[in-house]
Amino acid sequence: MERYQLNNGVEIPVLGFGTWKAHDGEEAYQAVLTALEAGYWHIDTAAVYKNEGSVGRAIKDSGIPREELFITTKLWNGNHTYEETQGAFARSLERLGLDYLDLYLIHWPNPKPLREQEAWKERNAEVWRAMEDLYREGKIRAIGVSNFLPHHLEPLLETARILPAVNQIRLAPGVYQAETVDYCRKHDILLEAWGPFGQGELFRNEEVKAVADKYGKSVAQIALAWSLQEGFLPLPKSVTPERIKSNLDCFDITLSPADLEVLKNIQGLEGGAPDPDKMDF
């Protein structure tokens, strides 16, 4: 699989395997093991998914050399200080059974308890300082953020000594966060696309199905090809072995400029980009 180069020189596979809503235990374990065996050597999880233990077990049992893999997890909203961040990182690393992470992300920019007087700004600065130290100690190869909009990134960059390598946001055909995309491209921050298939409604959309039929591919494969041609890094998720494998059959697709625009501008999809400033957590 080809790789992108992050702004610190670290290479990351251009497509990853997402584990959101993969239940801890056999479901998450088998899904990740199947993905690893199929060729997804980039796995994305998070502390709040509560499946880091199963993900780590699958990584170990796959037999794939650790240095060949790229593993990401995320810091949850309840951690507000330097010390809490260090502790949360250590617990994630222990659950995963790893000695280091390839990428560690701040999961959301604006925890609900910190919205008054914009206390989230100081929280993000403290959290980022802890992550920078972990990075310098060699415990993380790259650090980044998730669900950050430009007005969250701007105050972070005022105190950051290391530029975020990644911003993982909701991106899919019909869900295109233009302002954030433009901002991250300007600052050399790679965009990872969570929810690259939408909330399921993409599979019922006639415009998307027409494009898929045109190329002789599935809707999922077309959605991933669109994301890749936009320069995003999609994180498809499935617990079905056949779909896990077939989703990889997207690298031979070259969408025309017209079809890229059709997919980008699909209207009426439910579950668009979430507003980080209004989430109930």
Side-chain angles (χ1 to χ4, degrees), residues 1-6 11-22 30-45 58 62 64 68-72 102-103 166-177 181 184-185 190-266 269 271-273:
M1 187 181 293
E2 293 185 4
R3 294 175 177 246
Y4 292 125
Q5 187 174 85
L6 300 177
E11 293 189 341
I12 181 172
V14 300
L15 188 147
F17 184 73
T19 61
W20 182 40
K21 294 185 178 180
Q30 291 295 341
V32 173
L33 189 61
T34 298
L36 290 166
E37 292 171 347
Y40 297 82
W41 286 13
H42 171 189
I43 307 296
D44 180 273
T45 185
S62 73
I64 299 169
E68 298 293 332
L69 300 177
F70 195 99
I71 310 300
T72 301
D102 297 283
L103 179 63
V166 163
N167 187 10
Q168 184 181 125
I169 64 174
R170 177 80 194 286
L171 292 165
V175 183
Y176 192 93
Q177 301 191 59
V181 169
C184 289
R185 285 174 172 166
L190 178 67
L191 288 151
E192 291 188 335
W194 67 261
F197 302 145
Q199 300 292 335
E201 71 278 5
L202 203 63
F203 297 98
R204 300 185 294 273
N205 184 276
E206 293 302 322
E207 288 183 280
V208 182
K209 287 196 283 186
V211 174
D213 290 343
K214 176 180 177 180
Y215 290 86
K217 292 288 188 175
S218 70
V219 166
Q221 291 160 352
I222 289 295
L224 294 176
W226 173 84
S227 194
L228 290 166
Q229 279 186 244
E230 289 285 349
F232 306 148
L233 193 161
L235 298 164
K237 178 261 177 179
S238 177
V239 296
T240 306
E242 293 75 17
R243 291 176 183 167
I244 291 172
K245 295 170 186 174
S246 68
N247 286 343
L248 283 176
D249 191 20
C250 63
F251 294 104
D252 60 343
I253 304 169
T254 303
L255 296 164
S256 71
D259 288 330
L260 285 171
E261 283 299 303
V262 166
L263 294 168
K264 176 180 176 180
N265 294 300
I266 287 168
L269 297 188

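Basis for what follows: all heavy atoms, side chains included, without hydrogens, waters or symmetry-related copies. All values reported here derive from a predicted model rather than from experimental measurement.
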Check this for me: [X], atom [atom1], are more than 12 non-hydrogen atoms of other residues, nucleotides or ligands nearer than 6.0 Å?
X    : atom1 : result
E2   : CD    : no
R243 : CZ    : no
K209 : NZ    : yes

For the atom pair [atom1] ([X]) and [atom2] ([Y]), what is the distance rounded to the nearest 0.5 Å?
X    : Y    : atom1 : atom2 : answer
T254 : Y215 : OG1   : OH    : 8.0 Å
E207 : L263 : CD    : CG    : 8.5 Å
K245 : S238 : NZ    : OG    : 11.5 Å
L233 : N167 : CG    : CG    : 12.5 Å
E192 : L171 : CD    : CG    : 10.5 Å
I266 : L202 : CD1   : CG    : 6.0 Å

On a heavy-atom basis, which atom in [X] and which in [Y] lie closest, and how many Å separate them?
X    : Y    : value
V32  : A58  : CG1-CB, 3.6 Å
P173 : P196 : CD-O, 3.7 Å
Y4   : L228 : OH-O, 3.8 Å
M1   : G39  : CE-O, 3.7 Å
R170 : G272 : NH1-O, 3.1 Å
S227 : P234 : OG-CB, 3.7 Å

Non-hydrogen side-chain atoms of [X] and [Y] separated by less than 4.5 Å:
X    : Y    : result
F17  : P236 : no
V14  : F251 : yes
K237 : V239 : yes
W226 : K264 : yes
C184 : L190 : no
L235 : Q168 : yes

Apply the test side chain to side chain contact (heavy atoms under 4.5 Å, CB included) to residues L224 and I253: give CA-CA distance (whole Å), side-chain angles for both, the deciding distance (0.1 Å), then the verdict.
-> CA-CA 9 Å; L224 294 176; I253 304 169; over 6 Å; no
For [Y], does its backbone N or O pair with a side-chain atom of [X] as donor and acceptor, under 3.5 Å?
X    : Y    : value
W41  : L36  : yes
Q221 : S218 : yes
T19  : D44  : yes
T240 : E242 : no
Y40  : I244 : yes

Are any of the side-chain nitrogens in E230 or R185 under 4.0 Å away from the carboxylate oxygens of its partner?
-> yes
So, D249 and K217, do they make that salt bridge, N to O below 4.0 Å?
-> yes
Donor on one side chain, acceptor on other, N265 and Y176, under 3.5 Å = no
Please name the residue in the list L15, T72, L69, L103 that meets the side chain to side chain contact (heavy atoms under 4.5 Å, CB included) test with H42.
-> T72
